[in-house]
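Worksheet for the structure shown next.
The basis for the numbers below is simple: all heavy atoms, side chains too, and nothing from hydrogens, waters or symmetry mates.
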Amino acid sequence: MKRLLALVMLFLTLSAVQAYGESVPPNIWTFNDDYFTVHGSPEMVVSIAGSPEYDRGESSAALIQIMNQGKILGFESENEPEDANEIALSAIEQDMEYDVTTAVGVMASLSAKDAPLDIKTPPQSAGTLVSGQVSQPIQFEIKVWEGATAGTYPLEVNLTYQFQKDVQVEGDVTSNQIDRNILYQEVNESHNVFIIIREQADFEVIEVDSELLPGSSGILSMTFTNTGEETASRATARLRLSDPLSSTDYTAFLGDMEPGDEVQAMFNIDVDPDATAKTYSIKAEIEYEDHEGKTKVSDTIYVPAQVGESEDRGAIYQNPFLLAGGLLILAALAYGYMKRREGGSSND
């Protein structure tokens, strides 16, 4: 008879646990009978999955992983069961109490804090995590600022979830009329993860000198400087030209450029004969090797190149109205001069 009762209690206990797993009861606390109190809670550990390193200006994904390391720290009896029914109820409650370490409905959001980047993704769900479970990587799209300084930066991961604080059961086991109440506690907590913005070389053009005229070849000189934190090894500058400018000499070797170094490069540029005298925008980029020996190409640098007039003429030749006025003045002076000569000849 005792074996039969034990089997019935086990079956009812498993049924209760299964029913609990399928639906979360409301947070109502009305019963007086509470047979056990379990001390414990979820313990969340947050980390970055994959590489934490990014380049300035990079748009990429930060993968956040959450692990529940919840532990039961203590287990104590509250009310002693007085009969077989209460013994069965206390067994059901005892099994349910072990879920105190489960984090229910975990939501994660990512905050940049003082890191030089933008977070593009709203809060994401990590689901329910039992003790020992690790979430799937949660993806947050980020955009590192173009002017970001290299270094290590903390990002804040905010978690919200609930866990089972206490459990009560009441009812008649033999008729399977059992009521279960669960007291949930809501948790809001923050964790820091760290990303690294890599040191890298960056370039600017700080001086430009052009000797370009329509229909001829001329020298375009520009000075590059490394404004980044990393040495650019075996750097080569390369121009991308479009009409009316062209060249067979559009690369220049700059050598090794440490941070702050300035190097002058000179290019022989051909200008079409029908080119308009104005400032043209030339695209330049620098190919180099980083500290790992990997080949990198800089962002495009826009360089102004001035094409002058085809002849060295003064302002009077550049303005048709001034030119016409000047011709009229010269004609009037010539006419007056001729009249004076004619008058002088008559007097003679």
Side-chain angles (χ1 to χ4, degrees), residues 48 50-63 115-118 141-153 194-213 216-272 275 279-308:
I48 287 186
S51 174
E53 297 189 359
Y54 300 89
D55 289 329
R56 62 172 60 90
E58 179 179 351
S59 292
S60 188
L63 300 178
L117 54 85
D118 297 316
E141 295 298 325
I142 66 172
K143 174 68 167 68
V144 182
W145 297 350
E146 293 287 350
T149 301
T152 301
Y153 296 90
F194 293 87
I195 67 161
I196 299 169
I197 298 178
R198 300 184 185 95
E199 291 187 348
Q200 61 188 94
D202 276 326
F203 304 93
E204 290 182 3
V205 171
I206 59 174
E207 186 176 348
V208 179
D209 185 21
S210 57
E211 300 175 359
L212 306 179
L213 295 174
S216 63
S217 297
I219 298 298
L220 176 63
S221 169
M222 57 186 74
T223 301
F224 294 92
T225 181
N226 182 358
T227 61
E229 306 89 0
E230 184 183 41
T231 297
S233 300
R234 289 177 283 280
T236 299
R238 181 170 56 236
L239 301 185
R240 286 190 285 164
L241 303 171
S242 57
D243 290 340
L245 307 179
S246 61
S247 178
T248 57
D249 178 29
Y250 56 88
T251 62
F253 183 69
L254 306 178
D256 296 340
M257 295 183 66
E258 295 184 1
D261 280 357
E262 299 177 4
V263 180
Q264 185 183 39
M266 303 180 73
F267 303 90
N268 189 36
I269 305 296
D270 298 321
V271 185
D272 289 349
T279 300
Y280 293 87
S281 181
I282 292 178
K283 296 178 181 179
E285 57 189 20
I286 296 178
E287 183 177 288
Y288 65 97
E289 293 181 7
D290 64 11
H291 69 283
E292 295 179 343
K294 295 180 180 178
T295 300
K296 297 287 187 69
V297 178
S298 72
D299 292 335
T300 299
I301 307 168
Y302 292 90
V303 182
Q306 178 66 46
V307 173

Original post:
Looking at residues at least two apart in the chain, or sitting in another chain, which of them share a side-chain contact (heavy atoms from CB on, under 4.5 Å) with Pro304?
Top reply: Val208, Thr279
**OP:** For Ser246, enumerate each residue passing the side-chain contact (heavy atoms from CB on, under 4.5 Å) test, keeping only those at least two apart in sequence or located in another chain.
**Re:** Asp270
Original post:
What is the distance from atom OG1 of Thr149 to atom CD of Glu199, rounded to the nearest 0.5 Å?
Top reply: 11.0 Å
**OP:** Identify, with sequence neighbours excluded, every residue that meets salt bridge (Lys or Arg N to Asp or Glu O under 4.0 Å) alongside Glu204.
**Re:** none
Original post:
Measuring from Gln200:CD to Arg56:CZ, what's the distance to the nearest 0.5 Å?
Top reply: 4.0 Å
Original post:
Who passes ring-ring contact (aromatic ring centres under 6.0 Å, His included) against Phe224, sequence neighbours left out?
Top reply: none
**OP:** With sequence neighbours excluded, tell me which residues meet side chain to side chain donor-acceptor pair (under 3.5 Å) with Ser281.
**Re:** none
Original post:
Please walk me through it: do Thr223 and Val205 pass side-chain contact (heavy atoms from CB on, under 4.5 Å)?
Top reply: CA-CA 6 Å; Thr223 301; Val205 171; 5.9 Å; no
Original post:
Looking at residues at least two apart in the chain, or sitting in another chain, which of them share a salt bridge (Lys or Arg N to Asp or Glu O under 4.0 Å) with Glu53?
Top reply: Arg198
**OP:** Report the residues that fulfil side chain to side chain donor-acceptor pair (under 3.5 Å) with Glu211, sequence neighbours left out, ordered by chain and then residue number.
**Re:** none
Original post:
Can you tell if the side chain of Tyr280 reaches within under 4.5 Å of the side chain of Pro244, non-hydrogen atoms only?
Top reply: yes
Subject >> Any side-chain heavy-atom pair of Pro116 and Ile197 under 4.5 Å >> reply: yes
Subject >> side chain to side chain donor-acceptor pair (under 3.5 Å) partners for Asp118, two or more places apart >> reply: Trp145
What side-chain donor-acceptor pairs closer than 3.5 Å can you find for residues 290-298, not counting sequence neighbours?
{"residue": "Asp290", "atom": "OD1", "partner": "Glu292", "partner atom": "N", "Å": "3.0"}
{"residue": "Asp290", "atom": "OD1", "partner": "Gly293", "partner atom": "N", "Å": "3.1"}
{"residue": "Asp290", "atom": "OD1", "partner": "Lys294", "partner atom": "N", "Å": "2.8"}
{"residue": "Asp290", "atom": "OD2", "partner": "Lys296", "partner atom": "NZ", "Å": "3.3"}
{"residue": "His291", "atom": "ND1", "partner": "Glu230", "partner atom": "OE2", "Å": "2.2"}
{"residue": "Glu292", "atom": "OE1", "partner": "Lys294", "partner atom": "NZ", "Å": "3.3"}
{"residue": "Ser298", "atom": "OG", "partner": "Ile286", "partner atom": "N", "Å": "2.9"}

**OP:** Sequence neighbours left out, what passes side-chain contact (heavy atoms from CB on, under 4.5 Å) with Glu141? Give chain and number order.
**Re:** Ala61, Lys120, Thr121, Gln139
**OP:** Mark yes or no for whether Thr152, through its side chain, and Ile196, through its backbone, hold a donor-acceptor pair below 3.5 Å.
**Re:** no
Original post:
So do the side chains of Ile142 and Tyr54 get within less than 4.5 Å of each other, counting heavy atoms only?
Top reply: yes
Going by atom type alone, with no hydrogens or angles, which donor-acceptor pairs under 3.5 Å involve a side-chain atom of residues 252-267 and a protein atom two or more places apart or on another chain?
{"residue": "Asp256", "atom": "OD1", "partner": "Arg234", "partner atom": "N", "Å": "2.7"}
{"residue": "Asp261", "atom": "OD2", "partner": "Glu258", "partner atom": "N", "Å": "2.8"}
{"residue": "Gln264", "atom": "NE2", "partner": "Ser221", "partner atom": "OG", "Å": "2.8"}

Original post:
Are the side chain of Ser210 and the backbone N or O of Gln306 linked by a donor-acceptor pair below 3.5 Å?
Top reply: yes
**OP:** Check whether any side-chain heavy atom of Met222 sits under 4.5 Å from a side-chain heavy atom of Ile301, and report yes or no.
**Re:** no
Subject >> For Lys143, salt bridge (Lys or Arg N to Asp or Glu O under 4.0 Å) partners two or more places apart >> reply: Glu146
**OP:** With rounding to the nearest 0.5 Å, note down the distance linking CG in Asp249 to CG in Leu239.
**Re:** 8.5 Å
Subject >> Donor-acceptor under 3.5 Å (Thr225 side chain, Thr227 main chain) >> reply: no
**OP:** Would you give the length of the straight line joining atom CZ of Arg240 to atom CG of Leu245, rounded to the nearest 0.5 angstrom?
**Re:** 14.5 Å
Subject >> Pairwise side-chain contact, Val144 with Ile195, heavy-atom cut-off 4.5 Å (strictly under) >> reply: no
